[in-house]
J.: 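Can you keep this structure in mind? I'll have questions shortly.
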Amino acid sequence: MNFKSQLDEVEVFSKVAQAAKNLRLETYVVGGFVRDLVLGRPCKDIDFTCVGSGIKLAEEVAKQFDYHVPLSVFKNFGTAMLKVEEYELEFVGARKESYRLESRKPIVEDGTLQEDLERRDFTINAMAISLNEENFGDLIDPFRGLADIKKKIIRTPLDASITFSDDPLRMLRAVRFASQLDFDIEPDTFFALADNASRLEIISSERIIVELNKIILVKKPSYGFKLLFAGKLLQEFFPEMVALQGVDSVDDKSHKDNFYHTLQVLDNVCQVSNDLYLRWAAILHDIAKPATKRFNTKVGWTFHGHEDKGARMVPEIFRRLKLPMDERMKYVQKLVRLHLRPIALIKDEVTDSALRRLLFDAGDAIDDLMKLCRADVTSKNNKKVKRYLENFDKVDEKLLEVEEKDQMRNFQPPISGEEVMQVFNLEPSKIVGEIKEEIKEAILEGRIHNNPIEARELMIKIAKKKGLTPVNNP
Ligand code: CTP
């Protein structure tokens with residue numbers, strides 16, 4: 001197979017080929033770019049391997065561009081990068097690598113193209129395209145990566161246990177590529193996952209989360225999670241999610257498997273949103289079900305309080321997985337805590353005050369909360385699903401009405417603490433907070449409207465009951 005015509009479309013390749021010729025260096029395009037070219041996916045990162053010095057080659061390429069392209073040299077790693085328009089080019093000499101058991105940092109020695117390719121992770125990433133005059137554009141594919149792309153399989157070029165124990169992060173990459181490309185993992189490669197899973201311990205959480213987030217961001221992430229679970233990888237870094245799996249039965253009463261339910265909710269959310277943290281909220285919405293599970297002879301299985309306990313588990317999970325400990329974590333926590341509230345609004349005769357409270361508590365997350373709740377309807381009974389979703393439509397309508405009337409979504413107290421202190425000549429103290437809280441409650445309950453005039457009137461009344469009199473006429 002030859003890719004000359006595709007390479008001719010991008011100026012970079014002729015320049016690199018010219019530089020390689022000037023230096024008499026055997027040079028190839030390798031790795032992800034070749035894979036993506038075969039798959040017809042656009043790719044702006046291009047890796048070049050030469051049999052010799054990658055740094056010298058990069059310098060010669062820069063010369064071909066009259067040095068109008070920024071060059072960065074990393075002497076310690078023997079690599080160099082060039083930025084040419086939207087492309088990032090990386091140059092490195094062909095290497096053979098061997099790994100020590102306790103680290104993923106390899107011992108590197110110069111090698112041939114074949115040695116360079118065989119140390120790579122998967123056959124689909126172990127193809128090269130020649131930039132040499134005698135066979136420019138030829139695909140070099142010693143491990144039959146092209147056939148694997150056609151068969152849609154992920155397979156390691158060497159024995160999978162060697163490839164994975166060399167660099168355990170590759171086990172997550174296997175699942176990630178399978179998820180992104182919708183490929184199968186070839187059986188020997190797959191069985192090696194479970195055999196080497198414990199080796200993930202030498203991989204930092206920062207690297208694990210990069211791969212996990214990529215798996216979560218695909219169109220249908222349940223597939224990746226099932227692979228992570230079946231390959232015993234999830235057990236290594238996310239035991240809380242593994243604990244969701246399984247069904248208990250007492251007196252012929254069983255509950256649903258919360259692992260597969262969670263995956264269904266996640267896939268549902270992915271159909272309506274690309275937001276990584278809404279997806280995380282779906283993953284974590286029932287995370288406390290195992291911890292709150294009880295059996296009651298009258299009502300069967302219950303998970304009382306799992307939404308609150310789940311919200312309390314979020315910071316520890318975020319901290320351990322090295323997810324951001326900022327407003328994104330708080331947003332996920334909020335969705336987990338509130339995920340049952342809209343359902344309650346369906347069941348009860350809904351009062352405006354319940355709607356106002358939900359708008360107040362959810363704030364800007366209300367739309368995502370409704371998406372999560374809809375996604376949470378996973379019954380196999382289509383009629384039931386339809387009925388639930390229609391009920392949520394009604395909740396949406398009511399929320400909209402109340403929102404228009406009362407602007408509760410980003411509730412700002414109509415009276416500030418400063419004002420309370422000024423009117424009654426108070427120092428900052430508990431009583432100021434109590435007055436503000438009572439005003440907020442009155443607004444949420446609908447006893448007064450959300451405006452400063454009614455709020456001031458009420459403030460005077462509340463204060464009077466507490467034995468306070470205004471020093472200034474408000
Ligand atoms: N590689 C590897 N083992 C790793 C990481 C990378 O063997 N743990 C090799 C693969 O041949 C890969 C190439 O290095 O194709 C480039 O790696 P990287 O840029 O991380 O991945 P890509 O394959 O380009 O894919 P993506 O950009 O989607 O991460």
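The structure displayed is predicted, hence computed values, not measured ones. All ligand and atom numbering here is 1-based and tracks the order in the structure. In what follows, every heavy atom counts, from backbone to side chain, and hydrogens, waters and symmetry copies are set aside.
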J.: Assess D47 for proximity to ligand 1: is some non-hydrogen atom of it under 4.0 Å away?
T.: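 Yes.
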
J.: Could you say whether the N/O atoms of D121 and ligand 1 ever approach to under 3.5 Å?
T.: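 Yes: some nitrogen or oxygen of D121 is under 3.5 Å from one in ligand 1.
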
J.: Which residue from R173, Q180, E211 reaches closest to atom 6 (C) of ligand 1 through any of its heavy atoms?
T.: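 Checking each option, the heavy atom nearest atom 6 (C) of ligand 1 is found in R173.
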
J.: Could an N or O of ligand 1 be found under 3.5 Å from any N or O of R119, whether backbone or side chain?
T.: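 So ligand 1 has no N or O lying under 3.5 Å from an N or O of R119.
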
J.: Please, which pairs that meet ring pair (Phe, Tyr, Trp, His ring centres under 6.0 Å) have at least one residue in residues 179-219, sequence neighbours excluded?
T.: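 Matches after skipping sequence neighbours: none remain.
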
J.: Please list, in number order, the atoms of ligand 1 under 4.0 Å from a heavy atom of D167.
T.: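 Atoms satisfying the 4.0 Å criterion: 4 (C), 8 (N).
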
J.: Keeping N381 on the side-chain end and K384 on the backbone end, is there a donor-acceptor pair under 3.5 Å?
T.: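 Yes; judged by distance alone, with no hydrogens or angles, the pair exists.
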
J.: Hey, which atoms in ligand 1 end up nearer than 4.0 Å to a heavy atom of R176?
T.: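 Near R176, meaning under 4.0 Å from one of its heavy atoms, ligand 1 has 26 (P), 28 (O), 29 (O).
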
J.: What about G31: any of its N or O atoms under 3.5 Å from an N or O on ligand 1?
T.: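 No, since none of the N or O atoms of G31 sits under 3.5 Å from an N or O of ligand 1.
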
J.: Suppose we call two aromatic rings close when their centres sit under 6.0 Å apart. Are F13 and F33 close by that rule?
T.: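 F13 vs F33: aromatic centres under 6.0 Å.
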
J.: Establish, from distance only, whether the side-chain atoms of N132 and S130 form a donor-acceptor pair under 3.5 Å.
T.: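 Indeed, the side chains of N132 and S130 share at least one donor-acceptor pair under 3.5 Å.
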
J.: At under 4.0 Å between heavy atoms, which part of E90 makes contact with ligand 1: side chain, backbone, both or neither?
T.: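 It is neither part, as no heavy atom is under 4.0 Å.
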
J.: Can you see whether D116 engages Y28 through a side-chain donor-acceptor pair at a distance of less than 3.5 angstrom?
T.: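 Short answer, no.
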
J.: Going by distance alone, is a donor N or O of one side chain under 3.5 Å from an acceptor N or O of the other, for Q271 and D267?
T.: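 Result is no, nothing qualifies.
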
J.: Any chance CZ of R144 has more than 12 other-residue heavy atoms, nucleotides or ligands included, within less than 6.0 Å?
T.: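 Atom CZ in R144 is not packed in, count stays at 12 or less.
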
J.: Name the option, out of R120, R35, M127, that contains the heavy atom nearest to atom 9 (C) of ligand 1.
T.: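 Comparing heavy atoms across R120, R35, M127, the nearest one to atom 9 (C) of ligand 1 lies in R120.
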
J.: So if I count the atoms of ligand 1 from 1 in the order they appear, which ones are less than 4.0 Å from some heavy atom of K214?
T.: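 So the answer, numbered in order with elements, is 29 (O).
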
J.: Once you restrict to heavy atoms under 4.0 Å, what part of E88 touches ligand 1? Side chain, backbone, both or neither.
T.: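 The answer is neither; E88 stays 4.0 Å or more away.
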
J.: For residues L7 and G137, report the shortest heavy-atom separation together with the two atoms involved.
T.: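 Minimum heavy-atom separation between L7 and G137: CD1-CA, 4.2 Å.
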
J.: Should D45 be listed as contacting ligand 1, given a heavy-atom distance under 4.0 Å as the test?
T.: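 Outside the 4.0 Å threshold, so no.
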
